[in-house]
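This structure is in structure tokens; I'll ask about it shortly.
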Amino acid sequence: MKTHFSMKQYLVEIIGKSLQQFDLEEQPDIHIEEPNQPEHGDASCNIAMMLARPLKNNPRAIAQQIVDGLEYDEQKISAVEIAGPGFINFRFADNYLFDELGTILKTGADYGKTDTNEGKRVLVEFVSANPTGPLTVGHGRNAVLGDTVARLFEWTGADVEREYYFNDAGRQMRVLGESVQARYLELLGKDGEFPEGGYEGEYIRDIAQSLVDEKGEELVESKDEKPFKEKAEEEIFADISATLERMNIKMDSYFNEHSLYEDGKIEETIEKLRDQGLVYDKDGAVWFKTTEFGKDKDTVLVKSSGEPTYRLPDIAYHANKLDRGFDLCVDVFGADHIATYPDVMNGIKSLGYDSEKVDVVVYQFVTLVKDGKPFKMSTRKANFVTLDELMDEVGADVTRFFFLMRSPNTHLEFDIGQAKEAGEKNPVFYLQYAHARISSILRKVEDEYDFSGETDLSLLTHPSEITLIKTMLKFPETIANAARLREPHHVITFLNQLASDFTSFYHDCRILGEDEKLAQARMELAKAVAQVLRNGLGILGISAPEQM
RNA sequence: GCGCCCGUAGCUCAACUGGAUAGAGCAAUUGCCUUCUAAGCAAUAGGUUACAGGUUCGAGUCCUGUCGGGCGUACCA
């Protein structure tokens with residue numbers, strides 16, 4: 001069962017009808033918004049101001065004409081007013097609110113689902129960290145953001161696949177293998193030369209140790225780093241998967257960059273671009289004519305060493321995604337990767353693909369703050385904080401919440417000390433607490449009352465009750481909006497408002513001890529709030545506990 | 001130099017495709033636990049939305065410029 005933005009659609013419809021009285025060349029875009037001031041009603045339309053110029057009349061006069069021509073259902077709208085420079089303000093009828101409350105209760109776990117992306121096949125690619133070490137706090141934002149964006153697409157009707165792209169053939173991986181090899185020899189008391197710029201983390205020793213345990217001295221004579229690399233990749237990937245699982249993230253597919261070489265897609269990509277006249281050879285390297293697209297330099301696709309730069313497989317990979325028939329491919333990556341994006345887009349466009357089907361969620365960096373000072377992390381240097389360590393301290397819920405609470409577009413300051421001792425003050429608990437409170441009340445209500453007969457929701461007349469219902473009604477649109485913008489933090493902002501409105505209600509209105517009919521109505525209201533909180537927290541991948 | 005992102009309360013951040021009196025949390029001050037969970041509630045205080053212009057009925061939001069911060073601008077990923 002999907003929810004619809006019924007009221008908004010209804011208002012657009014009736015206003016549109018009234019507009020027919022004017023001789024307009026084209027139907028203007030009717031925009032409905034929610035006023036910040038309660039005195040301005042529940043919904044507002046600025047159409048009269050938009051029409052002032054084409055109609056050569058003052059906005060208030062136009063608004064009056066629109067309102068005069070308005071036919072509306074009084075069961076839905078209780079008042080229409082013209083205010084300020086020419087806003088038309090609508091007030092919802094209580095009956096409408098009660099009906100909608102009933103819908104929330106009936107729709108239950110599906111309340112908030114819409115069809116704005118119905119029928120679309122969407123691929124969300126995220127994390128995509130090469131297996132050179134455990135996931136760090138730095139990867140956390142990517143992982144949680146990607147997974148939550150995927151959930152938002154699911155809630156708007158899309159068929160979503162989560163994909164992890166990796167490369168186990170590059171220089172980094174070779175250095176990783178050499179690092180393990182050196183530690184292995186070291187553990188056996190042999191001379192091992194630690195590679196220049198090698199991985200210094202303790203986990204390298206652990207991997208080496210497990211090789212010693214399994215193979216003994218068997219690998220001492222190994223000429224190359226291959227067996228060490230393979231072991232490292234295996235263990236690190238297992239570790240990464242476990243971390244993701246702990247964060248409530250499950251990938252549907254893993255895509256190895258290497259497969260693009262095996263099935264000839266890399267070659268094919270170059271040749272196709274060459275056919276377009278967009279590729280040429282110079283100084284032993286293969287160049288992409290990015291100057292054609294307005295860049296100030298051309299870009300190397302294949303180095304003179306014969307090794308491709310990452311852009312080439314990136315283009316081939318995106319072509320592959322579109323070949324698989326996705327309607328939309330979303331990439332999640334940090335601001336430091338933004339430079340590749342135009343090249344990839346130009347690449348696939350030149351190959352004849354619709355680049356509109358590729359979309360990017362760029363997030364700004366996480367600034368790690370420790371002991372009040374920012375510090376730089378490096379997997380190679382091993383001065384990083386892993387996601388596992390973080391979750392050991394604060395749990396998965398807080399971790400997810402923390403990464404989602406800010407707009408992706410802004411720098412996220414992650415104060416480790418604060419996160420660790422967050423406990424009581426952490427905002428995620430505010431939401432969970434509201435849910436636990438409701439659960440607790442419902443348990444008690446069942447002991448004390450024995451409701452029978454229809455619930456009369458029209459007994460909900462207290463301002464706190466009305467506000468609470470109105471807030472809940474904004475949920476489906478909030479989700480659709482967050483999905484459209486790929487910005488999960490809107491869900492958090494909404495849930496904070498909902499939890500806050502519930503606590504006001506809790507403060508103002510009692511359930512236990514009230515007259516049976518009123519208690520019944522309020523209990524239904526509380527149930528609806530718990531449901532919406534569960535749905536919202538579910539989208540964020542955060543638990544909604546029954547008690548705390 | 002050029003490109004992208006950001007600059008909002010003491011701090012961390014909101015503000016839906018331009019809307020009416022810019023909002024939360026933390027920190028500060030003051031009240032509130034014999035009644036459904038005080039991980040809470042109520043109240044007070046805190047602002048020239050970096051700065052200067054422009055666009056219009058209306059700008060935190062759009063345009064131009066300046067200043068400040070982050071990230072790019074590799075035959076690194």
Side-chain angles (χ1 to χ4, degrees), chain A residues 29 31 33-37 39-40 44 46 48-50 52-53 58-60 83-87 89 129-130 132 167 170-172 282-287 294-297 299-311 314 334-342 362-365 367 369 405-415 418 423-430 432-434 436-445 448 474 477-478 480-482 484-485 487 489-490 492-494 496-497 499-500 503-504 506-514 519 522-523 526 547-548:
Chain A
D29 206 17
H31 181 50
E33 52 196 45
E34 293 148 21
N36 324 335
Q37 310 297 325
E39 310 88 74
H40 296 144
S44 172
N46 65 353
M49 278 122 80
M50 304 297 284
R53 189 182 289 254
N58 86 71
R60 285 196 66 112
F87 290 103
N89 296 335
N130 286 338
T132 57
N167 171 22
R171 193 178 61 84
Q172 299 292 338
K282 193 181 100 185
D283 305 332
V286 180
W287 295 74
K295 258 179 69 161
D296 50 5
K297 277 184 212 158
T299 308
V300 171
L301 290 180
V302 183
K303 298 184 244 175
S304 50
S305 66
E307 244 180 324
T309 63
Y310 66 101
R311 278 160 220 261
D314 263 7
D336 57 335
H337 281 56
I338 190 68
T340 343
Y341 177 59
V362 179
Y363 59 90
Q364 298 298 316
F365 262 45
T367 311
V369 177
M405 64 194 289
R406 304 275 122 93
S407 157
N409 216 5
T410 179
H411 292 268
L412 173 61
E413 189 163 299
F414 204 122
D415 188 322
Q418 190 189 353
E424 297 187 359
K425 296 293 181 191
N426 202 295
V428 69
F429 292 122
Y430 184 70
Q432 295 181 319
Y433 184 60
R437 242 181 187 175
I438 297 172
S439 305
S440 164
I441 295 170
L442 294 181
R443 285 192 294 269
K444 291 201 165 112
V445 165
E448 300 198 10
K474 294 174 189 168
E477 196 183 351
T478 301
N481 212 33
R484 181 173 56 83
L485 300 168
E487 292 178 347
H489 74 279
H490 294 293
I492 287 182
T493 307
F494 168 84
N496 274 324
Q497 184 63 54
S500 166
T503 340
S504 299
Y506 175 84
H507 182 254
D508 296 338
C509 307
R510 292 188 55 83
I511 297 179
L512 257 53
E514 294 290 344
R522 285 182 174 166
M523 189 192 75
Q547 53 190 7
M548 293 175 73

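Given the structure is predicted, the values throughout are model-derived calculations rather than measurements. Lettering follows sequence order; numbering is per chain, from 1.
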Exercise. Of the nucleotides B/C41, B/C36, B/A77, which has the atom closest to the A/Y506 side chain?
Worked result: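 Nearest listed nucleotide: B/C36.
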Problem set entry | B/C75 base / A/S304 side chain donor-acceptor hit below 3.5 Å |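 Yes, the side chain and the base share a sub-3.5 Å donor-acceptor pair.
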Problem set entry | B/A15 - base-pair partner by Watson-Crick or wobble geometry, distances under 3.5 Å |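 WC or wobble partner does not exist here.
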Exercise. Any side-chain N or O of A/S440 under 4.0 Å from OP1/OP2 of B/U37?
Worked result: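 Affirmative; the distance criterion is met.
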Problem set entry | Base partner of B/U37, which must satisfy Watson-Crick or wobble distances under 3.5 Å |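 Across all strands, not a single nucleotide pairs with B/U37.
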For this session: Evaluate side-chain contact (heavy atoms from CB on, under 4.5 Å) for A/W287 paired with A/L301, printing each intermediate quantity in order.
Result: CA-CA 5 Å; A/W287 295 74; A/L301 290 180; over 6 Å; no
Exercise. Does one side chain, of A/H40 or A/Q37, offer a donor that lies under 3.5 Å from an acceptor on the other?
Worked result: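 A/H40 vs A/Q37: no donor-acceptor pair found between side chains.
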Exercise. Rounded to the nearest 0.5 Å, what separation is found between the CG atom of A/N130 and the CZ atom of A/R171?
Worked result: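 Rounded to the nearest 0.5 Å, the CG-CZ separation comes to 12.0 Å.
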For this session: Starting at atom OH of A/Y341, determine the distance to atom C1' of B/U73, rounded to an integer number of angstrom.
Result: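 So the OH-C1' distance, A/Y341 to B/U73, works out to 18 Å.
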For this session: Over all heavy atoms of both residues, which pair between A/K303 and A/P308 is shortest? Give the atoms and the distance, please.
Result: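 Taking every non-hydrogen atom into account, CE-O, 4.1 Å.
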For this session: Starting at the 5' end of nucleotides 7-20 of chain B, put B wherever the base has a protein heavy atom under 4.0 Å, S where only the sugar-phosphate does, and a dash everywhere else.
Result: -----SSSSBB-BB
Problem set entry | Rounded distance in Å - CZ (A/R311) to C1' (B/A77) |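 Going from A/R311 (CZ) to B/A77 (C1'), I get 10 Å.
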Exercise. Using atom C1' of each nucleotide, how far apart are B/G47 and B/G10 to the nearest Å?
Worked result: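 Nearest-Å result for B/G47 against B/G10 at atom C1': 12 Å.
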Exercise. Quick one: A/R437 CZ to B/U37 C1', roughly how many Å, whole number?
Worked result: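 Atom-to-atom, A/R437 to B/U37, this comes out as 6 Å.
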Problem set entry | Distance-only side-chain donor-acceptor flag, A/T410 / A/Y363, under 3.5 Å |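 Result is no, nothing qualifies.
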Exercise. Within the pair A/K444 and B/U35, is there a side-chain N or O less than 4.0 Å away from OP1 or OP2?
Worked result: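 No.
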Exercise. How many Å lie between CD on A/E307 and C1' on B/C76, as a whole number?
Worked result: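 The distance from CD of A/E307 to C1' of B/C76 comes to 11 Å, rounded to the nearest Å.
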Exercise. Does A/Y430 make a side-chain N or O approach to OP1 or OP2 of B/U37 shorter than 4.0 Å?
Worked result: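 So the side chain of A/Y430 is outside the cut-off, no N or O lying under 4.0 Å from OP1 or OP2 of B/U37.
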Exercise. Quick one: OG on A/S407 to CG on A/L485, what's the gap to the nearest 0.5 Å?
Worked result: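 With rounding to 0.5 Å, OG (A/S407) is 9.5 Å from CG (A/L485).
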Exercise. What about A/Y433, does its side chain sit under 3.5 Å from the base of B/A39 through a donor-acceptor pair?
Worked result: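 For A/Y433, whose side chain was compared with the base of B/A39, there is no donor-acceptor pair (under 3.5 Å).
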Exercise. Think A/S504 has a side-chain N or O under 4.0 angstrom from the OP1 or OP2 of B/A42?
Worked result: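 Yes, within the criterion.
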For this session: Please tell me which of A/A499 and A/I438 maps to the more 5' nucleotide of RNA chain B, matching each residue to the nucleotide holding its nearest heavy atom.
Result: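 The 5'-side residue here is A/I438.
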Exercise. When you measure from the side chain of A/Q364, which nucleotide among B/C76, B/C57, B/G70 comes out closest?
Worked result: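 Nearest listed nucleotide: B/G70.
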Exercise. For A/K295 and B/C2, is the shortest distance between a side-chain N/O and OP1 or OP2 below 4.0 Å?
Worked result: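 Looking at the OP1 and OP2 atoms of B/C2, neither is under 4.0 Å from any side-chain N or O of A/K295.
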Exercise. Mind telling me whether B/C33 is syn or anti, cutoff 90° either side of 0?
Worked result: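 This nucleotide is in syn.
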Exercise. OP1, OP2 of B/C6 versus side-chain N and O of A/Y363: anything below 4.0 Å?
Worked result: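 Negative; the distance criterion is not met.
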Problem set entry | Short side-chain N/O contact to B/C36 OP1/OP2 from A/R522, under 4.0 Å |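 It does not, given that no N or O in the side chain of A/R522 lies less than 4.0 Å from OP1 or OP2 of B/C36.
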For this session: Identify, between A/N167 and A/A335, the residue whose nearest nucleotide on RNA chain B lies closer to the 5' end.
Result: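 Its nucleotide being nearer the 5' end, the pick is A/A335.
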For this session: Send over the distance from A/I338 CD1 to B/G70 C1', rounded to a whole Å.
Result: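 About 14 Å, once rounded to whole Å.
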For this session: Start with the C-alpha gap between A/H31 and A/E33, add the side-chain angles, then the distance that decides, and say whether side chain to side chain donor-acceptor pair (under 3.5 Å) holds.
Result: CA-CA 7 Å; A/H31 181 50; A/E33 52 196 45; 3.1 Å; yes
For this session: Kindly compute the distance separating NE2 (A/H411) from CZ (A/F365), expressed to the nearest 0.5 Å.
Result: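 Taking NE2 in A/H411 and CZ in A/F365, the distance rounds to 9.5 Å.
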For this session: Name the nucleic acid region contacted by A/A52, choosing base, sugar-phosphate or nothing; use a 4.0 angstrom heavy-atom cut-off, strictly under.
Result: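 A/A52: no heavy atom of the nucleic acid under 4.0 Å.
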